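Some notes on the structure that comes next.
Worth saying up front: this structure is predicted, and the values here are computed from it rather than measured. FYI, the numbering just counts along the sequence from 1. All ligand and atom numbering here is 1-based and tracks the order in the structure.
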Amino acid sequence: MQTKENMQYFIKTFGCQMNEHDSEIIAGILDSAGYQPASDISAADVIIINTCCIRESAENKIWGYIGNLKACKYRKPGVILAAVGCMMQQKTLGELLQRQGRHLDIVLGTYQQHRLPEYITRVLAGEGPIVDISEDNSDFPDELPSRRQSSFAAQVNIIYGCNNFCSYCIVPYVRGRERSRDFAAIMAELCSLAASGIKEVMLLGQNVNSYGKDWRRQGRTDAPDFADLLREACSVDGLERIRYMSSHPRDFSLDLVDTISDLPKIRDYYHLPLQSGCDKILKAMNRGYNTDDYLAIIERIRQKTPTAAITTDLIVGFPGETEADFQQTLDFVNKCRFDAAYTFLYSPRSGTPAATMAEQVPLNIKKKRLQRLTMLQNQISLELNQSYLGRKVQVLVEGLSKNNSDFYTGRTASNKIVIFKGQPEQIGQIVDLTISGAKTWHLEAL
Ligand code: SAH
Ligand code: SF4
Ligand code: F3S
């Protein structure tokens with residue numbers, strides 16, 4: 001029988017930053033339990049797939065990946081296959097057992113991932129397959145170890161779950177209600193990250209603006225809020241850049257813009273998901289703001305920090321979106337002039353209100369709209385990037401460029417990618433560069 005001391009694990013992650021960080025935590029938990037990270041999947045004794053179900057395309061990719069893992073079982077019969085995360089939480093037990101082809105040994109939802117070592121031990125003892133998608137998180141620890149992928153940028157959870165129930169979105173069903181993480185635990189983590197040389201932190205939550213609201217609802221009137229957390233995070237020496245993901249325009253007050261504008265470690269970059277530039281669609285999406293509210297935030301940001309970059313998320317082809325509604329989105333995008341937009345085809349998610357709404361938009365129309373939106377946004381991104389030509393910027397160096405290993409890549413405070421001629425010892429450092437080239441998706445300093 002295998003023992004965990006000589007066992008190696010491999011994690012494949014799909015999905016958002018939250019999942020990326022969950023995988024770092026899973027690795028940290030397995031390290032603490034005595035397992036070793038495998039250099040590649042073929043060396044692994046335990047393979048963990050961290051799943052996402054935000055869109056159908058993600059799910060299809062993941063089922064394909066899980067299907068291919070059957071071959072690993074044939075090659076190495078003792079290998080343990082575990083699937084965890086959002087998509088596992090979403091499925092009914094029956095569906096999971098039917099789809100998994102009986103070759104997954106462990107299926108865990110988003111609330112039970114810290115139990116992985118215990119379940120691996122049980123499978124090693126002959127039990128299985130084990131499915132635990134229980135929503136009981138009463139013993140979920142505030143502090144968990146993590147094996148971080150980067151030595152200079154780190155992600156830190158500040159709030160779990162989401163209460164918003166945007167009508168298209170699966171997240172509230174798979175990540176549960178909002179739970180703020182203890183303020184002191186967050187600050188302790190930030191300080192220890194700074195002490196270990198981390199320069200940039202990303203504060204994570206589905207709606208970071210809700211930080212502390214759950215406590216205030218329970219009557220703790222003195223509970224800290226998101227602005228308190230940002231101010232405190234900025235006071236940690238050594239941390240040079242503070243980012244957060246995601247914020248919700250409904251909860252993004254003008255006061256919060258004013259607070260951020262006074263914090264140089266944060267103020268150069270805003271990601272503010274708009275979703276649609278049509279008020280009728282925003283209402284049907286249950287977003288809780290209209291385009292006027294949104295524009296007021298953008299104008300305040302530009303008034304306070306004219307050089308700040310603003311990016312957004314947009315969904316095309318939400319049920320009931322007519323050509324005229326879509327045109328309003330194009331017009332509004334033209335008005336806001338985002339530095340970049342992450343654009344998605346609306347994907348019906350079973351169990352969400354929008355999935356059963358009448359007037360679903362045909363796929364070919366959605367695709368054509370996405371193309372038009374992308375063309376417009378690319379043009380705007382390029383123009384805004386061109387305004388950087390000749391400008392001096394500070395770049396946190398990330399490493400060799402993936403597309404061309406003669407160059408290095410890094411990011412400005414405004415989160416723009418910069419490609420430049422660098423040195424290996426600059427990785428993890430902030431360097432001064434002058435922008436000499438501008439493309440749609442990146443800047444150059446050559
Ligand atoms: N909590 C974050 C978003 C998480 S999901 C927020 O509210 O900003 C990231 C993005 O995926 C969303 O902003 C949205 O644009 C997109 N998205 C979510 N559900 C979707 C769906 N059913 N179809 C297409 N895009 C979707
Ligand atoms: Fe989904 Fe809306 Fe919550 Fe974001 S705020 S996770 S889009 S329900
Ligand atoms: Fe996907 Fe879950 Fe993130 S559904 S986008 S991994 S919160």
* For ligand 2, does Phe165 get within less than 4.0 Å through its side chain, its backbone, both, or neither, judged by non-hydrogen atoms? -> backbone

* How does Cys162 reach ligand 2, by side chain, by backbone, by both or by neither, if only non-hydrogen atoms under 4.0 Å count? -> side chain

* Asked: Using 4.0 Å as the upper bound for N to carboxylate O, is an ion pair formed by Arg220 and Asp214?
  -> no

* **Residue Pro172 vicinity, atoms of ligand 2 by number, heavy atom under 4.0 Å** => 8 (S)

Check ligand 1 for N or O atoms under 3.5 Å from a protein N or O and list each pair with its distance.
| from | atom 1 | to | atom 2 | distance (Å) |
| --- | --- | --- | --- | --- |
| ligand 1 | 1 (N) | Gln206 | O | 2.8 |
| ligand 1 | 1 (N) | Gln206 | OE1 | 2.7 |
| ligand 1 | 8 (O) | Ser246 | OG | 3.4 |
| ligand 1 | 11 (O) | Arg55 | NH1 | 3.0 |
| ligand 1 | 13 (O) | Gln275 | NE2 | 2.8 |
| ligand 1 | 13 (O) | Asp313 | OD2 | 2.6 |
| ligand 1 | 15 (O) | Gln275 | OE1 | 2.7 |
| ligand 1 | 17 (N) | Arg55 | NH1 | 3.4 |
| ligand 1 | 22 (N) | Tyr168 | O | 3.0 |
| ligand 1 | 22 (N) | Ser347 | O | 2.8 |
| ligand 1 | 23 (N) | Ser347 | N | 3.0 |
| ligand 1 | 25 (N) | Arg55 | NH1 | 3.3 |

* To do: Please identify which atoms of ligand 3 are closer than 4.0 Å to at least one heavy atom of Ile54.
  => 1 (Fe), 4 (S), 5 (S)

* Of the non-hydrogen atoms in Leu314 and Ser276, which two are nearest, and what is the gap between them? -> CD2-N, 4.1 Å

* Does the side chain of Gln371 come within less than 4.5 Å of Met375's, by heavy atoms? -> no

* At what distance is the nearest protein heavy atom to atom 2 (Fe) of ligand 2, and which residue and atom is it? -> Cys166 SG, 2.3 Å

* Among Ile25, Ile29, Val84, Asp132, find the residue that satisfies the side chain to side chain contact (heavy atoms under 4.5 Å, CB included) test when tested with Gln113. => Val84

* Taking Gln275 as the fixed residue, which of Tyr294, Tyr346, Tyr289 is the one that meets the side chain to side chain contact (heavy atoms under 4.5 Å, CB included) rule? -> Tyr289

* Using a 4.0 Å heavy-atom cut-off, say whether His248 meets ligand 2 through its side chain, its backbone, both or neither. => side chain

* Asked: Do you know which two heavy atoms are closest between Lys265 and Leu239, and how far apart they sit?
  -> NZ-O, 2.7 Å

* To do: Using the ring of Phe344 (Phe, Tyr or Trp, six-membered ring only), decide whether Arg55 places NZ or CZ under 6.0 Å from its centre and within 45 degrees of its axis.
  => yes

* Asked: For ligand 3, is Arg175 a contact, meaning one of its heavy atoms is under 4.0 Å away?
  -> yes

* Asked: Is the closest basic N to carboxylate O distance between Arg267 and Asp262 below 4.0 Å?
  -> no

* Asked: Would you call Arg369 and Asp325 a salt bridge, taking side-chain N to carboxylate O under 4.0 Å as the test?
  -> no

* Measuring from the heavy atoms of Arg175, does anything fall under 4.0 Å of ligand 2? -> no

* **Atoms in ligand 2 flagged as close to Arg287, the criterion being non-hydrogen separation under 4.0 Å** => 2 (Fe), 7 (S)

* Mark up the atoms of ligand 2 that fall under 4.0 Å of a heavy atom belonging to Cys169, in ascending order. => 1 (Fe), 6 (S), 7 (S), 8 (S)

* Structure fact -> atom 7 (S) of ligand 3: closest protein heavy atom, distance to 0.1 Å, is Gln206 NE2, 3.0 Å

* Asked: In terms of side-chain geometry, is the basic nitrogen of Arg349 or Glu59 positioned less than 4.0 Å from the acidic oxygen of its partner?
  -> yes

* **Polar contact flag, side-chain donor to acceptor under 3.5 angstrom, Ser387-Glu383** => no

* Is the shortest side-chain N to carboxylate O distance from Arg411 to Glu240 below 4.0 Å? -> no

* Give the contacting part of Cys86 toward ligand 3: side chain, backbone, both or neither, where contact means a heavy-atom distance below 4.0 Å. => side chain

* Do me a favour and list the nearest non-hydrogen protein atom to atom 1 (Fe) of ligand 3 with residue, atom name and distance? => Cys52 SG, 2.4 Å

* To do: May I ask you to check if Lys12 and Phe14 form a cation-pi contact, with NZ or CZ under 6.0 angstrom from the six-membered ring centre and within 45° of the axis?
  => yes

* To do: Examine the proximity of ligand 2 to Asn207 and report which part, side chain or backbone, both or neither, has a heavy atom under 4.0 Å away.
  => neither

* **Identity and distance of the protein heavy atom lying nearest atom 3 (Fe) of ligand 3** => Cys16 SG, 2.3 Å

* To do: Report the part of Pro273 (side chain from C-beta onward, or backbone N, CA, C, O) that has a heavy atom under 4.0 Å from ligand 2; answer both or neither where that applies.
  => neither

